[in-house]
Number of protein chains: 2
Amino acid sequence: MSHEVEQRSLSQYLEEHNLKHTKQREAILAAFLEATGHITSEEIHARVRVDHPNIGYTTVYRTMKLLCDAGLASERHFEDGVTRYEIEQEHHDHLVCLRCGKIIEFECAMIEKTQQEIADRYRFRVLRHRHELYGHCDRCEREAAT
Amino acid sequence: MSHEVEQRSLSQYLEEHNLKHTKQREAILAAFLEATGHITSEEIHARVRVDHPNIGYTTVYRTMKLLCDAGLASERHFEDGVTRYEIEQEHHDHLVCLRCGKIIEFECAMIEKTQQEIADRYRFRVLRHRHELYGHCDRCEREAAT
DNA sequence: ATAGATGCAAATGTTTTGCAGGAAA
DNA sequence: TTTCCTGCAAAACATTTGCATCTAT
């Protein structure tokens, strides 16, 4: 595996919080990190089961919550009621193709600054935000035109 | 009631689709329109029950779906897994207080323009978007400080 | 008369919790 | 050995569906 940095900080987090380092947590972390991103609990469970056939959904949910607390993962809620997890990284937003499901990430300092100004106007303290553009990616738009 | 425009278009929609005009649909529409916005099925159900004690959740869900199809309502999914409905109107975005649940609406032409430029860069055709800022409203921020 | 609507209860799908047994420190 | 974890089964939610009954047209 090539995720030493993340592995190290998981261990660190576990130690700091008097939590135990288990095979299940390791397996779930690995499955999560190997995914391209935006993975569901169900998908993690399926991946992990290949090598560890009796890890349950419960442990996946509990571990993903732990990874979120540890700052390694973060939850995303798109529009289908299923929680997805992605690797925690610099903030960014998403373009989501409604036809093929492709997800493109973007970030824009200009927009961030403007939204901060809006929040200030309402004396609202922004802790986090989501900004998602739904539509058709280049390819799907062409195909739709046929 | 003072919602003739909406009422007329519901009737219109019902007629066009060979659907029936019932007391329940009328009551649910009224409860929905009287709300300030961002109402849940549960809240609609509670309101409607005051005058119509035996309308069930089922009918609320079915009717709200109908109102969405008819273009009178639209679904919103914030981050707590509960569907909220709002009156279909000009596009706008939201500030959501994580402590008291207060929702403030905003819109910003500058941001809309910028996000369009980003999408163009990826040749992505935007059909709709969501932009939500989560944090603490003025009041909750003060209270938290105590 | 008949297509469509309703309300209940039961099913669904996702996520959480209680608990007895199991593993890490 | 003690504290924390795990997996199962059951519970909790929000939402949907099957079905017998009822109602608008």
Side-chain angles (χ1 to χ4, degrees), chain A residues 7 10-32 38-46 48-70 73-85, chain B residues 7 10-32 38-70 73-85 101:
Chain A
Q7 297 268 10
L10 175 62
S11 298
Q12 214 171 300
Y13 182 86
L14 294 177
E15 272 173 40
E16 283 167 13
H17 294 256
N18 273 79
L19 302 173
K20 287 170 182 169
H21 187 278
T22 66
K23 284 187 182 346
Q24 289 90 332
R25 285 177 176 169
E26 198 174 303
I28 291 167
L29 174 63
F32 165 63
H38 311 106
I39 194 173
T40 63
S41 287
E42 198 185 358
E43 289 159 353
I44 294 172
H45 184 245
V48 144
R49 282 242 165 185
V50 176
D51 292 321
H52 307 265
N54 38 3
I55 288 184
Y57 273 104
T58 312
T59 305
V60 174
Y61 279 111
R62 285 193 281 226
T63 303
M64 291 316 295
K65 192 146 285 176
L66 183 98
L67 295 183
C68 289
D69 291 344
S74 60
E75 288 193 357
R76 289 277 172 184
H77 300 259
F78 296 114
E79 302 204 338
D80 64 353
V82 187
T83 302
R84 257 161 258 265
Y85 300 93
Chain B
Q7 296 269 9
L10 174 62
S11 299
Q12 213 171 302
Y13 183 86
L14 293 176
E15 273 173 39
E16 282 167 13
H17 294 256
N18 273 78
L19 301 173
K20 286 170 185 172
H21 187 278
T22 66
K23 283 185 184 345
Q24 289 91 332
R25 285 177 176 167
E26 198 174 303
I28 291 167
L29 174 63
F32 166 63
H38 311 107
I39 194 172
T40 63
S41 288
E42 199 184 359
E43 289 158 354
I44 293 172
H45 184 245
R47 278 161 184 264
V48 143
R49 282 241 166 185
V50 176
D51 292 321
H52 305 79
N54 39 5
I55 286 182
Y57 273 104
T58 313
T59 305
V60 173
Y61 279 112
R62 285 194 280 226
T63 302
M64 292 315 296
K65 192 146 283 176
L66 183 98
L67 295 184
C68 290
D69 291 345
S74 60
E75 287 192 0
R76 289 275 172 183
H77 300 259
F78 297 113
E79 302 203 339
D80 63 353
V82 187
T83 302
R84 258 160 258 265
Y85 300 93

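All values reported here derive from a predicted model rather than from experimental measurement. Heavy atoms only: backbone and side chains are in, while hydrogens, waters and symmetry mates are out.
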Report, one pair per line, the protein and nucleotides 8-14 of chain D atoms (nitrogen or oxygen only) whose separation is under 3.5 Å.
{"residue": "D/dC8", "atom": "N4", "partner": "A/Thr58", "partner atom": "OG1", "Å": "3.4"}

Subject >> Distance-minimising heavy-atom pair for B/Ala27 and B/His52 >> reply: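 Taking every non-hydrogen atom into account, CB-CE1, 3.6 Å.
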In whole Å, I'd like the distance from the [atom1] atom of [X] to the [atom2] atom of [N].
X       : N      : atom1 : atom2 : answer
A/His21 : D/dT6  : NE2   : C1'   : 16 Å
A/His17 : D/dT3  : NE2   : C1'   : 17 Å
B/Gln24 : D/dC22 : CD    : P     : 14 Å

For [X], all residues meeting side-chain contact (heavy atoms from CB on, under 4.5 Å), sequence neighbours excluded:
X       : result
A/Ala73 : A/Phe32, A/Met64, A/Leu67, A/Cys68
A/Ser74 : A/Glu86, A/Glu88
B/Thr59 : B/Gln24, B/Ile28, B/Ile55, B/Thr63
B/Thr40 : B/Glu42, B/Glu43, B/Val82, B/Arg84

Subject >> Span of DNA chain C in contact with chain B (heavy atoms, under 4.0 Å) >> reply: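 The contacted stretch runs from C/dA3 to C/dA9.
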**OP:** Describe the nucleic acid contact of A/Lys65 in one word from base, sugar-phosphate, nothing, applying a heavy-atom distance below 4.0 Å.
**Re:**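 The residue A/Lys65 makes sugar-phosphate contact but no base contact.
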Subject >> 5' precedence on DNA chain D between B/Leu19 and A/Thr59 (nearest-nucleotide basis) >> reply: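 The residue closer to the strand's 5' end, by nearest nucleotide, is A/Thr59.
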**OP:** Working to the nearest 0.5 Å, report the span between NE2 of B/His21 and CG of B/Leu10.
**Re:**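 CG of B/Leu10 is found 6.0 Å from NE2 of B/His21.
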Original post:
With nearest nucleotides of DNA chain C determined for A/Thr22 and B/Leu66 from heavy-atom distances, which residue corresponds to the more 5′ nucleotide?
Top reply: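 Mapping each residue to its closest nucleotide by heavy atoms, the 5'-most match is B/Leu66.
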**OP:** Quick one: list whatever passes ring-ring contact (aromatic ring centres under 6.0 Å, His included) with B/Phe78, sequence neighbours left out.
**Re:**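 Partners of B/Phe78 under the ring-ring contact (aromatic ring centres under 6.0 Å, His included) test: B/His94.
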Subject >> Set of side chain to side chain donor-acceptor pair (under 3.5 Å) partners for B/His77, sequence neighbours left out >> reply: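 Side chain to side chain donor-acceptor pair (under 3.5 Å) list for B/His77, sorted by chain: B/Glu75.
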